[in-house]
Amino acid sequence: QVQLVESGGGLVQPGGSLRLSCAASGSISSISPMGWYRQAPGKQRELVATITGVGRTNYADSVKGRFTISRDNAKNTVYLQMNSLKPEDTAIYYCHYLYQYWGQGTQVTVSS
């Protein structure tokens, strides 16, 4: 079993930054992919970014150049640095492990 605990969400003004963290515990393999999805009100959950155990990354087109995903395998933690935030980035952000396990979600609101 795997448990994921997210932190770092909140309210930020447009153009601001936030850093999300997701700590994994349980039966974790450092080579398995981890990452982030998000779901805005009335929309389907969508991929934000994913990183493999060797550091290969994949980003949604909408966040390329603004968001950076990273991973600390020693801490079983994945991070999402979000810069130049826009109102359309407002959503609940969910961490995943191996696309099978999910965190409880953390709210990100971008508003003036």
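Side chains are part of it too, since the values below use all heavy atoms of this structure and drop only hydrogens, waters and symmetry mates.
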Novice: Give a yes or no on whether Y101 and I69 share a hydrophobic cluster (residues Ile, Leu, Val, Met, Phe, Trp, Tyr; joining criterion: side-chain heavy atoms under 4.5 Å apart).
Specialist: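 Per the 4.5 Å side-chain linkage, Y101 and I69 are co-clustered.
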Novice: What distance separates M34 CE from Y79 OH, expressed to the nearest 0.5 Å?
Specialist: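 Output value for this atom pair is 10.0 Å.
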Novice: Consider side chain to side chain contact (heavy atoms under 4.5 Å, CB included). Of T90, D89, I92, which one does R38 pass it with?
Specialist: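 For R38, the side chain to side chain contact (heavy atoms under 4.5 Å, CB included) check succeeds only for D89.
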Novice: Set out, in order, the CA-CA distance, both residues' side-chain angles and the distance that settles side-chain contact (heavy atoms from CB on, under 4.5 Å) for R66 and M82, then state yes or no.
Specialist: CA-CA 6 Å; R66 300 187 298 121; M82 305 185 293; over 6 Å; no
Novice: Among the clusters formed by ILVMFWY side chains lying less than 4.5 Å apart, do V63 and Y94 turn up in the same one?
Specialist: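 No, V63 and Y94 fall in different hydrophobic clusters.
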Novice: Should the pair H96 and Y99 be assigned to parallel (<30°), tilted (30 to 60°) or perpendicular (>60°) ring geometry?
Specialist: parallel
Novice: Any chain of hydrophobic side-chain contacts (each under 4.5 Å) joining L98 to W36?
Specialist: yes
Novice: For residues 6-17, run the donor-acceptor check on the side chains, cut-off 3.5 Å, and write out each pair with its distance to 0.1 Å, sequence neighbours left out.
Specialist:
residue, atom, partner, partner atom, Å
E6, OE1, Q104, N, 3.0
E6, OE1, Q104, NE2, 3.4
E6, OE1, G105, N, 2.6
E6, OE2, C95, N, 2.6
E6, OE2, G105, N, 3.4
S17, OG, N83, OD1, 2.9

Novice: Can you confirm whether the side chains of R71 and N73 place a donor and an acceptor under 3.5 Å from each other?
Specialist: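 A donor-acceptor contact under 3.5 Å links the two side chains.
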Novice: For the CD atom on Q44, are there more than 12 heavy atoms of other groups (residues, nucleotides or ligands in this structure) within a distance under 6.0 Å?
Specialist: no
Novice: Roughly how far, to the nearest 0.5 Å, is the OG atom of S32 from the CD1 atom of I51?
Specialist: 13.0 Å
Novice: Checking F67 against L18 for the side-chain contact (heavy atoms from CB on, under 4.5 Å) test, could you report, in this order, the C-alpha distance in whole Å, the side-chain angles of both residues, the deciding distance, and whether it holds?
Specialist: CA-CA 10 Å; F67 291 10; L18 283 175; over 6 Å; no
Novice: Go through the steps for L20 and V108 under the test side-chain contact (heavy atoms from CB on, under 4.5 Å), then give the verdict.
Specialist: CA-CA 9 Å; L20 305 183; V108 172; 4.1 Å; yes
Novice: In Å, rounded to the nearest 0.5 Å, how long is the span from CG of L80 to OG1 of T68?
Specialist: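 L80 CG to T68 OG1: 8.0 Å, rounded to 0.5 Å.
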Novice: Any link between V2 and Y93 through a network of hydrophobic side chains (Ile, Leu, Val, Met, Phe, Trp, Tyr) touching at under 4.5 Å?
Specialist: yes
Novice: What is the distance from atom CG of L4 to atom CD1 of I28, rounded to the nearest 0.5 Å?
Specialist: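 The distance works out to 6.5 Å.
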Novice: Would you call D61 and K64 a salt bridge, using N to O less than 4.0 angstrom?
Specialist: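 Looking at D61 and K64, the cut-off is met.
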Novice: To the nearest 0.5 Å, how far apart are NZ in K75 and OG in S25?
Specialist: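 OG of S25 is found 15.5 Å from NZ of K75.
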Novice: Sequence neighbours left out, what passes side-chain hydrogen bond (donor to acceptor under 3.5 Å, both in side chains) with S84? Give chain and number order.
Specialist: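 Here no residue qualifies.
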Novice: Students often mix this up, so state it plainly: with edges at 30° and 60°, are the rings of W102 and Y37 parallel, tilted or perpendicular?
Specialist: perpendicular
Novice: Rounded to the nearest 0.5 Å, what's the gap from OG on S62 to CG on L47? Could you check?
Specialist: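 Here the interatomic distance stands at 9.0 Å.
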